[in-house]
Each structure stands twice: as C-alpha cells, then as structure tokens.
Amino acid sequence: MLKKRTKSKRQVFRKRLIIAIDGPAGVGKSTVGQSVAKRLGYRFINTGEMFRALTWRALEEGLDLQDQKAVFHLARRLKWAFKPAADGVVLRTFVDGQAAGAHIRSERVSVSTSVVAANPGVRRLLCRLQRRLGRRGGIVMEGRDIATHVFPKADFKFYLDASAAERARRRHRQLKTLGLPADLRRIHAAIKARDLDNMRRKLNPLRQAQDSIVIDSTQLTMREVAQQMLRRIGFSL
Ligand code: C5P
C-alpha cells in the first residue's frame with residue numbers, strides 16, 4: 001500500500017500571501033524575512049537594496065544627490081531587474097544587468113541613501129516596482145513603508161523593533177566576526193542618526209501601521225522572531 005504523503009514543512013504555503021516587514025536599521029528584518037520566506041516556499045525581497053543600488057549608481061555618475069530631478073531621471077533610465085539567487089528564495093536587485101552586491105553596503109552608500117530615499121519621484125517609481133513584485137503574492141517584503149504605503153492591505157504586517165543599543169551591539173559583533181574595524185560608540189551614533197532620518201522624512205516615514213504586529217527582538221534570537229511570525233501566519237512549525 002502506498003504511504004500516505006504527509007505535508008512537508010517546506011512545502012509551498014499555498015495561500016500566496018503578501019507579508020510586509022518594516023522596522024529600523026539593523027533590527028534583523030532581512031535575516032528573519034529570508035527565513036520566513038524559505039519556510040513558506042515564498043520569495044523574499046529587501047527593498048533597501050533598490051534605494052542603495054540607485055544611490056550607488058548616482059554616486060558613480062557623479063550626480064549631486066540633492067538634485068532630485070537628476071536622480072529621478074537616472075532611476076527612470078536604469079534597467080531594473082529582480083532575479084532569484086541560488087537559494088531560489090531571495091530576489092536580488094540588478095541595475096543595467098549588474099547585481100547589487102557588496103559595493104552597495106559601503107559606508108558612503110549607507111550614509112547617502114537617506115537623501116535618495118527622500119526623493120518623491122524615486123519613491124513613487126520604486127513603489128511601483130515593489131507593487132509589481134508583490135502582485136501575485138507569495139512574497140515577504142521588507143523595508144520601511146511596506147505596510148504603511150506599498151501594501152497597506154498586506155495579509156500580514158509585522159513591525160520589528162529592538163533598542164538602538166542592542167542593534168549597535170549586533171552590528172559591532174557582525175563586523176568583528178568579519179575581521180573588520182568596529183567602534184561600538186560610532187556604530188550606535190550612526191544607527192540613531194539613521195533612525196531619525198527615516199522617522200522624520202516627510203514622505204512615507206518609518207512608522208508602525210495601526211494594524212501591524214509589533215515584535216520587539218531586543219531579548220530574542222532571530223530564530224525565535226521567525227518562529228513567532230510563522231505562528232502568527234498560521235504555519236504549523
Ligand atoms: O534596509 P536598508 O537599511 O539597507 O535600507 C537603506 C536605506 O534605504 C534606509 O536607511 C532607508 O533610508 C531607505 N529605505 C526606504 N524605504 C524602504 C527601504 C529602504 O526609505 N522601503
């Protein structure tokens with residue numbers, strides 16, 4: 001007799017939901033988002049990559065980032081593509097055929113991205129791309145305004161938080177592990193400055209959607225956060 005097939009935990013979660021994750025820098029949205037997407041058989045995209053990739057290209061072209069028209073025109077001119085990485089889960093951003101790799105993580109790009117992220121034309125354009133990516137569902141999307149603006153009707157909205165001190169400690173540990181120079185006080189100050197930039201921005205600032213599920217990860221591991229999310233989504237672990 002054929003053995004009755006049991007549902008595998010990794011089987012595609014058939015409802016094809018849209019899951020939004022917002023929160024401040026360094027809170028673990030990508031780690032958690034990827035792990036949730038993997039369990040559900042969904043795709044995952046980090047929308048920060050789009051803002052960073054554009055900032056990188058604008059800097060490469062020597063544009064004045066304050067020149068909103070010039071940066072917007074560049075964003076329109078670029079050929080944007082989103083292709084799954086080898087794991088089949090993470091969607092990677094490509095501009096003009098080039099993958100947004102480690103170069104978009106440089107300090108220079110990190111500091112400059114908030115100027116580009118405040119550009120209304122750029123936000124409109126990237127929001128359109130993000131909505132297109134989520135059109136068919138089956139996606140976990142992380143950013144700053146996914147629940148409040150991009151997908152206000154997302155099936156699940158999470159707001160991931162952690163104290164700035166804890167986020168700085170995590171980043172410090174990460175840099176040390178990579179053998180890179182790290183100064184905890186400077187990292188802490190930079191994280192607080194980025195929080196303010198993102199929260200005070202006029203257009204689509206970082207804030208909790210009214211109906212977001214807030215998870216404070218200060219005392220939790222990323223694995224525990226992912227498990228909490230999966231439980232709320234109704235995916236049996
Ligand atoms: O997520 P990450 O920190 O890499 O994003 C880089 C920057 O892009 C953020 O600091 C923020 O200014 C901007 N961003 C945004 N809206 C998003 C995602 C990122 O404004 N949805």
Query raised in the report: side chain to side chain contact (heavy atoms under 4.5 Å, CB included) between Phe44 and Val32: does it pass, once the steps are laid out?
Result: CA-CA 10 Å; Phe44 166 81; Val32 165; over 6 Å; no

Query raised in the report: Hey, are the side chains of Thr47 and Leu126 touching, using non-hydrogen atoms and a 4.5 Å cut-off?
Result: no

Query - Closest heavy-atom pair and its distance - Ser112, Leu65 - result: CB-CD1, 3.4 Å

Query raised in the report: Is there side-chain contact between Arg232 and Met229, with heavy atoms separated by less than 4.5 Å?
Result: no

Report summary line: Heavy-atom closest pair (Ile104 atom, Ala53 atom, distance to 0.1 Å) is CG2-CA, 3.9 Å

Query raised in the report: Do Val150 and Ile21 share a hydrophobic cluster, counting only Ile, Leu, Val, Met, Phe, Trp and Tyr and linking them when any side-chain heavy atoms are less than 4.5 Å apart?
Result: no

**Report entry** Flag side-chain contact, heavy atom, 4.5 Å: Arg43 against Phe82
**Finding:** no

Query raised in the report: When rounded to the nearest 0.5 angstrom, what is the spacing between CZ in Arg124 and CG in Leu129?
Result: 13.0 Å

Report task. Would you mind reporting whether Arg170 and Gln174 have side-chain heavy atoms less than 4.5 Å apart? Result -> no

Report task. Please confirm whether the backbone N or O of Arg16 pairs with a side-chain atom of Tyr42, one donor and one acceptor, at under 3.5 Å? Result -> yes

**Report entry** Residues, nucleotides or ligands: over 12 heavy atoms within 6.0 Å of Glu60 CD
**Finding:** yes

Query raised in the report: Is it true that Leu160 and Ile146 fall in one hydrophobic cluster, defined by side-chain heavy atoms closer than 4.5 Å?
Result: no

Report summary line: Applying side-chain contact (heavy atoms from CB on, under 4.5 Å) to Thr221 and not counting sequence neighbours gives Arg223, Glu224

Report task. Locate the shortest heavy-atom distance separating Ala75 from Val122; write the atom from each residue and the value. Result -> CB-CG2, 4.4 Å

**Report entry** Sub-4.5 Å side-chain heavy-atom contact between Leu133 and Met141
**Finding:** yes

Query raised in the report: Is a donor on one side and an acceptor on the other found under 3.5 Å between the side chain of Ser212 and the backbone of Gln208?
Result: no

Requested in this report: Answer yes or no: is there a side-chain heavy-atom contact under 4.5 Å between Asn204 and Thr148?
Outcome: no

Query - Minimum heavy-atom distance Val89-Ala37, with the two atoms named - result: CG1-CB, 3.8 Å

Report summary line: So the ring-ring contact (aromatic ring centres under 6.0 Å, His included) pairs with at least one residue in residues 16-38 (sequence neighbours excluded) are none

Report summary line: Between Gly88 and Pro84 the two heavy atoms that sit nearest each other are CA-CB, 4.4 Å

Query - Partners passing side-chain contact (heavy atoms from CB on, under 4.5 Å) against Ser163 (at least two apart in sequence or in another chain) - result: Ala165, Glu166, Thr218

Report summary line: Between Arg108 and Leu59, the two heavy atoms sitting closest are NH2-CD2, 3.8 Å

Requested in this report: Start with the C-alpha gap between Phe51 and Thr93, add the side-chain angles, then the distance that decides, and say whether side chain to side chain contact (heavy atoms under 4.5 Å, CB included) holds.
Outcome: CA-CA 10 Å; Phe51 289 92; Thr93 301; over 6 Å; no

Query raised in the report: Do the non-hydrogen side-chain atoms of Leu54 and Phe72 ever get within less than 4.5 Å of each other?
Result: no

**Report entry** Qualifying residues under side-chain contact (heavy atoms from CB on, under 4.5 Å), relative to Arg92, sequence neighbours excluded
**Finding:** Glu49, Ala85, Val90, Phe94

Query - Pairwise ring-ring contact (aromatic ring centres under 6.0 Å, His included) hits with a residue in residues 104-132, at least two apart - result: none

Query raised in the report: Does Ser217 use its side chain to pair, donor to acceptor, with the backbone of Leu220 at less than 3.5 Å?
Result: no

Query raised in the report: Tell me, which pairs form a salt bridge (charged side-chain N to carboxylate O under 4.0 Å, His left out) where one or both residues lie in residues 70-86, sequence neighbours left out?
Result: Glu61-Arg77

Query raised in the report: Roughly how far, to the nearest 0.5 Å, is CG of Leu125 from CD of Gln130?
Result: 9.5 Å

Report task. Taking the side chain as every heavy atom from C-beta outward, state whether Arg57 and Asp96 have any pair of such atoms under 4.5 Å apart. Result -> yes

Requested in this report: Give the cluster check for Met222 versus Val214: same hydrophobic cluster or not, with ILVMFWY residues linked at side-chain heavy-atom distances below 4.5 Å.
Outcome: no

Query raised in the report: Members other than Val111 in its cluster, when Ile, Leu, Val, Met, Phe, Trp, Tyr link by side-chain heavy atoms under 4.5 Å?
Result: none

Report summary line: Interatomic distance, CG@Asp211 vs OH@Tyr159, rounded to 0.5 Å, equals 14.5 Å

Query - side chain to side chain contact (heavy atoms under 4.5 Å, CB included) between Val71 and Gln68, worked out - result: CA-CA 5 Å; Val71 177; Gln68 297 198 331; over 6 Å; no

Query raised in the report: What pairs of residues pass the salt bridge (charged side-chain N to carboxylate O under 4.0 Å, His left out) test when at least one of them lies in residues 192-205, not counting sequence neighbours?
Result: Arg167-Asp195

Requested in this report: Kindly state each residue pair satisfying salt bridge (charged side-chain N to carboxylate O under 4.0 Å, His left out) with at least one member in residues 143-155, sequence neighbours excluded.
Outcome: Arg123-Asp145

Requested in this report: Using the side chain to side chain contact (heavy atoms under 4.5 Å, CB included) rule, take Ile45 and Met50 through it: C-alpha gap first, then chi angles, then the decisive distance, then the call.
Outcome: CA-CA 10 Å; Ile45 184 142; Met50 303 183 192; 3.9 Å; yes

Requested in this report: Can you establish whether the number of heavy atoms outside Arg132 located under 6.0 Å from its atom CZ is more than 12?
Outcome: no

Query raised in the report: Hey, quick one: are Ile139 and Ile213 part of the same hydrophobic cluster, counting side-chain heavy atoms closer than 4.5 Å, chains of contacts allowed?
Result: no

**Report entry** Sidechain-backbone polar pair: Asp22 side chain, Ala147 backbone, donor-acceptor under 3.5 Å
**Finding:** yes

Query - Pairs satisfying ring-ring contact (aromatic ring centres under 6.0 Å, His included), at least one member in residues 102-132, at least two apart - result: Trp56-His103

Requested in this report: Give a yes or no on whether the backbone of Pro24 and the side-chain of Lys29 come within a donor-acceptor separation of less than 3.5 Å.
Outcome: yes

Query raised in the report: Rest of the hydrophobic cluster containing Ile191 (Ile/Leu/Val/Met/Phe/Trp/Tyr, side-chain heavy atoms under 4.5 Å)?
Result: Leu175, Leu178, Leu180, Ile187

Report task. Kindly write out the residues that satisfy side-chain contact (heavy atoms from CB on, under 4.5 Å) with Ala154, not counting sequence neighbours, or none if the list is empty. Result -> Ile18, Ala20, Phe151, Lys157

Query raised in the report: In terms of hydrophobic clusters joined by side-chain contacts under 4.5 Å, are Leu17 and Leu91 together?
Result: no

